[in-house]
**Q** 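Sending over a structure as structure tokens; questions will come in a sec.
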Protein chains: 2
Amino acid sequence: MTVSKTAEKFSEKPADAAKGRKDAGEPQTEALQLGELSEQLGYVLKRAQLKVFENFLRCMSSLQLTPAQFSVLLLVEKNPGRNQTEIASTLGILRPNFVAMLDNLESRDLCARIRSTNDRRSHILVLTDKGKAVLARAKKLVATKHEARLNDLLGQSNREALLTMLAKIANEF
Amino acid sequence: MTVSKTAEKFSEKPADAAKGRKDAGEPQTEALQLGELSEQLGYVLKRAQLKVFENFLRCMSSLQLTPAQFSVLLLVEKNPGRNQTEIASTLGILRPNFVAMLDNLESRDLCARIRSTNDRRSHILVLTDKGKAVLARAKKLVATKHEARLNDLLGQSNREALLTMLAKIANEF
DNA sequence: TATTGTTATACTCTATAACTATA
DNA sequence: TATAGTTATAGAGTATAACAATA
């Protein structure tokens with residue numbers, strides 16, 4: 001099984017270097033200094049992203065949806081009638097890599113490929129009824145478990161400010 | 001060549017779906033709606049992280065340092081005399097995966113493994129003179145090209161607020 | 001000739017088990 | 001017995017080239 005493995009993936013936690021020490025002789029077991037590293041935006045950004053994805057996977061474990069799969073379902077729901085190239089490209093997924101992803105979602109009866117009548121090369125993407133139901137449940141889980149926890153941690157206004165700045169980086173950097 | 005390839009890696013840009021369309025018949029070529037996706041912190045976080053790493057690689061192309069390699073050099077400089085397990089663990093790198101990374105840095109004469117006299121199982125890590133010089137140049141490039149551009153985009157105080165919130169997520173989420 | 005979906009393939013990252021040499 | 005470094009390996013994620021069907 002491929003998806004359940006994913007949920008176990010982010011196990012290696014940082015800053016645990018000083019744990020498994022034999023404090024027999026001289027207990028020189030001091031935590032390392034991060035120094036300038038904690039000021040590097042890229043470093044902190046990556047760490048935060050891993051934490052957020054890790055929490056997302058935990059919240060979604062009952063539905064077995066990864067962040068990437070969730071984003072595909074959201075985008076197909078919002079843009080019915082688009083083909084694989086359009087959906088994949090919008091998400092920054094390369095067309096060849098999108099095939100296996102769709103195979104997975106389609107095999108679970110969450111979405112379907114429909115040969116376009118206008119252009120018989122294209123596969124139009126739609127959510128199945130089950131796909132719509134699962135996505136609805138996923139949205140609720142994300143809102144009540146995942147995003148809610150972020151609100152608790154940062155506060156509503158800070159969370160919005162964070163989103164604004166990240167979007168600015170993603171779009172203009 | 002392994003490192004130069006890395007600099008070419010982040011080519012797939014999102015939201016370009018509507019480019020290669022044949023606007024002959026009905027130009028129904030409309031950009032897709034991101035919808036709720038643009039409110040998902042995980043999605044925006046990931047996109048921003050990719051952009052920041054991409055820019056980092058460009059700024060560092062003359063030194064051929066990846067974000068991960070830069071973080072190792074920074075941490076070894078700040079914590080001389082620590083062994084591989086401690087450095088790797090602090091960075092969230094698994095010990096087996098750290099071996100090839102160190103092989104690379106050592107083959108480029110940027111750092112060195114020294115067998116510890118206290119515990120002959122351990123390899124103490126230190127920067128070579130060349131490693132110190134390269135790191136100094138890397139810091140300057142990061143400050144003047146990379147972080148400076150983030151300051152231009154966000155403003156100094158916003159950039160600090162962003163860093164604070166991301167650190168909070170990385171440490172407490 | 002160009003584009004859509006697809007296959008094959010390769011490279012990087014990340015993860016686990018097991019070996020060796022030391023302790 | 002346990003730990004540090006290492007090897008081997010496997011799985012995701014991401015990248016490119018090329019093919020068949022269709023335009």
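Chain letters run A, B, ... following the sequence lines, proteins first and then strands; every chain starts at 1. Keep in mind it's a predicted model, so treat the numbers as computed, not measured.
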**Q** I need the CD-P distance between A/Glu86 and C/dT3, as an integer number of Å.
**A** 14 Å
**Q** Using 0.5 Å steps for rounding, measure from the OG atom of B/Ser61 to the CG atom of B/Leu57.
**A**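 If I round to the nearest 0.5 Å, the distance is 9.0 Å.
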**Q** Does the plane of the ring in B/His146 sit parallel, tilted or perpendicular to the ring in A/Phe173? Use 30° and 60° as the thresholds.
**A** perpendicular
**Q** Decide if the gap between the ring center of A/Phe70 and the ring center of A/Phe56 is smaller than 6.0 angstrom.
**A** yes
**Q** Is it the case that A/Gln84 and A/Arg113 place a side-chain donor and acceptor less than 3.5 Å from each other?
**A**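 Checked: A/Gln84/A/Arg113 side chains pair up, N/O donor to acceptor below 3.5 Å.
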**Q** Does a side-chain N or O from B/Thr85 land closer than 4.0 Å to OP1 or OP2 of D/dT3, or not?
**A**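 Result: no.
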**Q** Specify the residue among B/Ser116 and A/His123 whose closest nucleotide of DNA chain C lies further upstream toward the 5′ end.
**A**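 Result: A/His123.
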**Q** Given atom CG of A/Asn118 and atom P of C/dT3, what is their separation to the nearest angstrom?
**A**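 From A/Asn118 CG to C/dT3 P: 18 Å.
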**Q** Give a yes-or-no answer on whether the side chains of A/Asn79 and B/Gln33 include a donor-acceptor pair shorter than 3.5 Å.
**A**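 A/Asn79 vs B/Gln33: no donor-acceptor pair found between side chains.
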**Q** Does the distance from a Lys or Arg side-chain N to an Asp or Glu carboxylate O, for B/Glu147 and B/Arg159, drop under 4.0 Å?
**A**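 Judged by the 4.0 Å cut-off on N to carboxylate O distance, B/Glu147 and B/Arg159 do form a salt bridge.
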**Q** Rounded to the nearest Å, what distance is computed from the CG atom of residue B/Leu94 to the P atom of nucleotide C/dC13?
**A**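 The distance from CG of B/Leu94 to P of C/dC13 comes to 14 Å, rounded to the nearest Å.
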**Q** Once you round it to whole Å, what is the distance between C1' of C/dT3 and CD of A/Gln84?
**A**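 About 13 Å, once rounded to whole Å.
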**Q** Starting at the 5' end of DNA chain C, which residue's closest nucleotide do you reach first, A/Lys46 or A/Val99?
**A** A/Val99
**Q** Could you state the atom-to-atom distance from CZ of A/Arg82 to P of C/dT4 in whole Å?
**A** 13 Å
**Q** Please set out all donor-acceptor pairs under 3.5 angstrom arising from side-chain atoms of residues 136-144 of chain B, sequence neighbours excluded.
**A**
unit_1: B/Lys139; atom_1: NZ; unit_2: A/Glu36; atom_2: OE2; d: 2.9
unit_1: B/Lys139; atom_1: NZ; unit_2: B/Glu77; atom_2: OE1; d: 2.8
unit_1: B/Thr144; atom_1: OG1; unit_2: B/Lys140; atom_2: O; d: 2.8

**Q** Using a cut-off of strictly less than 4.0 Å, decide whether A/Arg95 has a side-chain nitrogen or oxygen near OP1 or OP2 of D/dA17.
**A** no
**Q** What is the distance, to the nearest angstrom, from the CD atom on B/Glu54 to the P atom on D/dG13?
**A**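 Interatomic distance, CD of B/Glu54 to P of D/dG13: 20 Å.
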**Q** How many Å lie between CG on B/Asn97 and C1' on C/dC11, as a whole number?
**A**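 Rounded to the whole Å, the gap is 14 Å.
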**Q** Mind listing the N/O atom pairs, protein and nucleotides 18-22 of chain D, below 3.5 Å?
**A**
unit_1: D/dT22; atom_1: OP1; unit_2: A/Arg120; atom_2: NH2; d: 3.1

**Q** In whole angstrom, what separates B/Asn83's CG from D/dT3's P?
**A**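 Distance, rounded to whole Å: 13 Å.
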